[in-house]
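Quantities reported herein were computed from a predicted structural model and do not represent experimental measurements. As the structure lists them, so they are numbered: ligands from 1, and atoms in each ligand from 1.
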Amino acid sequence: MTDDRPTSFATRAIHAGQAPDAETGAVIPPVHFSSTYAQDGIGGLRAGYEYSRSGNPTRTALETQLAALEDGVRALSFASGLAAEDALLRASLRPGDEVLLGNDVYGGTYRLIARVLGPWGVKLRVVDFSDADAVAVAIAERAPRIVWIETPTNPLLRIVDIARVSRLAHDAGALVVVDNTFASPALQQPLRLGADVVVHSTTKYLGGHSDVVGGALVFADADLAEQPAFLQNAAGAVSGPLDAWLTTRGIKTLAVRMERHSANGQAVAEFLAPHAAVARVYYPGLASHPGHDIAAQQMSGFGGIVSLALADGAAARRFSESTRLFTLAESLGGVESLLNYPDAMTHASVRGTELAVPEEVVRLSVGIEGVDDLLQDLDDALAGL
Ligand SMILES: *Cc1c(COP(=O)(O)O)cnc(C)c1O
């Protein structure tokens, strides 16, 4: 299946699953809003579709596109990133199984495993994945069923060596999952580095316009997709046709958007790093970042998320409420710049846990606006501190 795919990422993003409509020639395939499909005699399905929870042509188009982006054999599209994670975890885990998790993963992932799956007997262990030796020790101590990698992490932009951690995990017989939401497949393709499954919140860079919530799983191996695909239908957290179509449209410009996000992110990080009011900048594109070398190897750009630490929590809160172009809002990955105060917003659910975010940290999702305007906005907000 992978052999006849165009080699250029940008070409795959635009054409995979997006052939013109066979009947009308419409260059953009129609959005199929139908919940059900006429049968030519009992069981006589015209194109394999019978009911839209089980399958819908617009969702199929998105799933084909997603598989091509990550160089996987199959993708499944869900109603949200967490719905995708839930399907994968429930398909892969049994009571008593353990998930080994980075100490800086998305708070909702931690909450799902600890508080939804925990009561069903799933265990959880947390280590610093940016320290591959610590991961090796943890795996040697006890083999987990799943090793869950997120890189760059949210919101501290730690970098995990995907190839190395995947080898360690596979040696212990574990399944390797990478949440690739922050980098997007335009900058990083974990399946090529040894991962088994990629998870996305397509709400972020893939959709790219802050107008749709969605999630996806992409598999390196068709067998691995069987159980999650069964759950996608059996539990039913599918994406609707309009959501699938909006995501497809967003993905077509992913390659150019990520180039600009990375360029603007780098400029913002370099502007903030020497600023007197800024205590620390977290961005893998800075040579001073501890994960810079690994990021440079496994990513083709450093992305648009930049976090910074101010003097203290009060300064971080004041700064968060004083930008004009950067909108104070949760989420990330859209064309417009957003600012998030993790401790009280996205990461409020992990306050007081081992995943808590320092109260002086602010996360920027640097958009693709004119970079001078963005720097001016940050400069003004810092001046007012
Ligand atoms: C947003 C996000 C998720 C969850 O996705 P939803 O679409 O909000 O359910 C998972 N992982 C990361 C890294 C995210 O940023």
Closer than 4.0 Å to some heavy atom of [X] - which atoms of ligand 1 meet that?
X: S201; value: 1 (C), 2 (C), 3 (C), 4 (C), 5 (O), 6 (P), 7 (O)
X: T203; value: 7 (O)
X: E85; value: 10 (C), 11 (N)

Among protein heavy atoms, which sits nearest to [atom], and what does the distance come to when rounded to 0.1 Å?
atom: atom 4 (C) of ligand 1; result: Y106 CE2, 3.4 Å
atom: atom 11 (N) of ligand 1; result: D179 OD2, 2.7 Å
atom: atom 2 (C) of ligand 1; result: K204 NZ, 2.5 Å

Chi angles and distances behind the side chain to side chain contact (heavy atoms under 4.5 Å, CB included) call for T346, Y106: CA-CA 9 Å; T346 50; Y106 178 70; 5.6 Å; no
G214 to ligand 1, any heavy atom closer than 4.0 Å: yes
L82, portion touching ligand 1 at heavy-atom distance under 4.0 Å: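 The part of L82 near ligand 1 is both the backbone and the side chain.
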Presence of salt bridge, R74 and E63, under 4.0 angstrom: no
E70 and its side chain to side chain donor-acceptor pair (under 3.5 Å) partner, picked from Q188, Q189, H200: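 Passing option: H200.
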Neighbour count >12 (heavy atoms, 6.0 Å) for atom CZ, R280: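 Count not over threshold, so no.
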Y205 ring center within less than 6.0 Å of H261 ring center: yes
Modelled atom types, side-chain donor and acceptor of Y37 and N56, under 3.5 Å: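 A donor-acceptor contact under 3.5 Å links the two side chains.
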L339 side chain near F319 side chain, heavy-atom distance below 4.5 Å: yes
Polar atom proximity, E150 to ligand 1 (N or O, under 3.5 Å): no
Within-cut-off N or O pair, G81 and ligand 1, under 3.5 Å: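 Yes; the residue has a nitrogen or oxygen that sits under 3.5 Å from a nitrogen or oxygen of the ligand.
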